[in-house]
There are 2 protein chains.
Amino acid sequence: MNLFDGISENELNKLFACLSPLRKSYYSGEKIFNTYEKINYVAYIESGSIQLSKDDYEGNKVTVVKLSAGDTFGEAFIFTDIEQSGLSIVALEDSRIIFLDYVRLFSSCSNMCVFHKRLTENIVKIMSSRILFLQTRIELLAKKTLRERVLYLLNEQKNLQNKEIFEIPFSREQMAEYIGADRSALSRELSKMKTEGLIDYHKNAFKILLGGKYE
Amino acid sequence: MNLFDGISENELNKLFACLSPLRKSYYSGEKIFNTYEKINYVAYIESGSIQLSKDDYEGNKVTVVKLSAGDTFGEAFIFTDIEQSGLSIVALEDSRIIFLDYVRLFSSCSNMCVFHKRLTENIVKIMSSRILFLQTRIELLAKKTLRERVLYLLNEQKNLQNKEIFEIPFSREQMAEYIGADRSALSRELSKMKTEGLIDYHKNAFKILLGGKYE
DNA sequence: AAAAATTGGTTGCATATGCAACAGATATTT
DNA sequence: AAATATCTGTTGCATATGCAACCAATTTTT
């Protein structure tokens, strides 16, 4: 889902005339927001890529997510009264970002442009899918055993791709990270599950052999 | 955050005239939505309480959340093309619910009522805070050790309440559930942390003795 | 206040899993 | 193709933690 879906180039220009967004370029490595800033914008990455990280209560810097062209961030702070995002946001390559002030976003514009409405709908859509994604992720992480988390991920991907044999879009390292586990522990568990005849896989192609409750 | 915050009784009536919401009553135990239904509404619980549950890939029914008067649900599905919510929603007591069709919610109403805007802003606000909440929860659950998760929760509560000694609003059982752990394991870990002089607590009143990195 | 139910802490036990170190396989660079 | 770097699997080890069973403390019901 892209922030500007369903809005043509031409329409976009009108929209921008009314929203007068900030459009800024950043060099690779340049800081976009620091931890103590308030984020007042729905930000759209036109080009490049960025990284959001956060300081842990222990003081560890933890990567929250990496985003690239076409992605949107900042929408989580719309209308909240959070003065400090707690996020440190840095450009990973030369990047160009459009900042849409959200007060303006949600005021009816003087020109009454139609695509204003479309834009806010898109934002809501992006927020919805983020919520659903996060909820799914929590469900996975709440599972107490590694095996359950693996099966959850595999079933998720199977349903998503609607194929018996499906490709996991992660490296093992990323897969481990996603399910909150150690890489070697994941490898071990996968092997074990294969031996037990629960699943089969070769590289990133997986197949689930037994369904619910392991039967 | 309440869906109707900042909208007076009188204004609400006008708003309802324009949104013509469905207002339904349910008996305790009555089903509100089943797993296969599409949720087209932002639903507001006027009175009573309800429970959302979900079927696991293993076929287990898992409680997602319990909601009560003043809470809102369904906003996660706005403008998504999800045909089946996957949620089974049941009234836990006699309840009254207002359903706001979200197509109507996001169309400019013929009466041009001002509070329409306020309402959509509130929805966005609710979605924002849900996203932030879920993200925090994920951060916690992604921690690999029970101790880290406990400390995360405690620090969260400490910051929230901004007191050195703070009350955890959970029973031990709920606390364990929240951090995705076994209750007895949690008890054990808490004792251990107390012995080690990391934290102190009595019933639900906690105090963190040592800061980041355990020092 | 006696009885019953709920809640929290303790502990033994088996297992799961993080961690580290290494090896083989695969991909990338020279 | 040789050399190097990256990715994945394997394994030993120590520890963390789920689970079950039990007891003590607290709260609720009778």
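Everything numeric in this text was worked out from a predicted model, so none of it was measured.
Partners of B/Leu141 by side-chain contact (heavy atoms from CB on, under 4.5 Å), not counting sequence neighbours, listed by chain and number: A/Ile138, A/Leu141, B/Arg137.
Regarding contacts with the backbone of C/dT6, every side-chain N or O of B/Ser171 stays at 4.0 angstrom or more from both OP1 and OP2.
Taking a 6.0 Å sphere around NZ of A/Lys31, one finds it holds more than 12 heavy atoms contributed by other residues, nucleotides or ligands.
Evaluation of atom-type donor-acceptor distances gives no pair under 3.5 Å for the side chain of A/Arg188 against the base of D/dG9. Scanning atom types as modelled, no donor and acceptor separated by under 3.5 angstrom connect the side chain of A/Arg172 and the base of D/dG9.
Of the candidate nucleotides D/dC19, C/dG18, D/dA16, D/dA16 has the atom lying nearest to any side-chain atom of B/Lys192. The B/Lys203 side chain lies nearest to D/dT27 when the options are D/dT27, D/dC19, C/dG18. Taking the side chain of A/Lys144 as heavy atoms from C-beta on, and the options C/dG8, D/dG9, D/dG18, the nearest nucleotide is D/dG18. Of the candidates C/dT10, D/dG9, C/dT17, the closest approach to any side-chain atom of A/Ser187 belongs to D/dG9. Between C/dG9, C/dG8, C/dC19, one nucleotide has an atom nearer to the side chain of A/Ser184 than all others, and that is C/dC19.
With respect to A/Phe166, the side-chain contact (heavy atoms from CB on, under 4.5 Å) criterion is satisfied by exactly one of A/Ile208, A/Asn204, A/Leu160: A/Ile208.
When all heavy atoms are compared, the tightest approach of B/Ser128 to A/Glu75 is OG-O, 3.7 Å.
Summary of the strand contacts: A/Arg183 and A/Gly180 both lie near DNA chain C, and taking for each the nucleotide with the nearest heavy atom, the more 5' one is attributed to A/Gly180.
Between A/Phe106 and A/Phe79, the ring center distance clears the sub-6.0 Å criterion.
Here the P atom of nucleotide D/dA16 and the CG atom of B/Leu151 are 14 Å apart, to the nearest Å. Regarding A/Arg147, its CZ atom lies at a distance of 13 Å from the C1' atom of C/dT17, rounded to whole Å.
One end of the helix from C/dA1-D/dT30 to C/dT30-D/dA1 points its axis 50° away from the other end's axis, with each axis taken from 5 pairs and the angle rounded to 10°.
Screening residues 3-12 of chain B for side chain to side chain donor-acceptor pair (under 3.5 Å) gives B/Ser8-B/Glu11 as the qualifying pairs, with residues at least two apart or on separate chains.
A cation-pi arrangement is not found for A/Lys158 relative to A/Phe206, the charged atom failing to lie both closer than 6.0 Å to the ring centre and inside a 45° cone about the ring normal.
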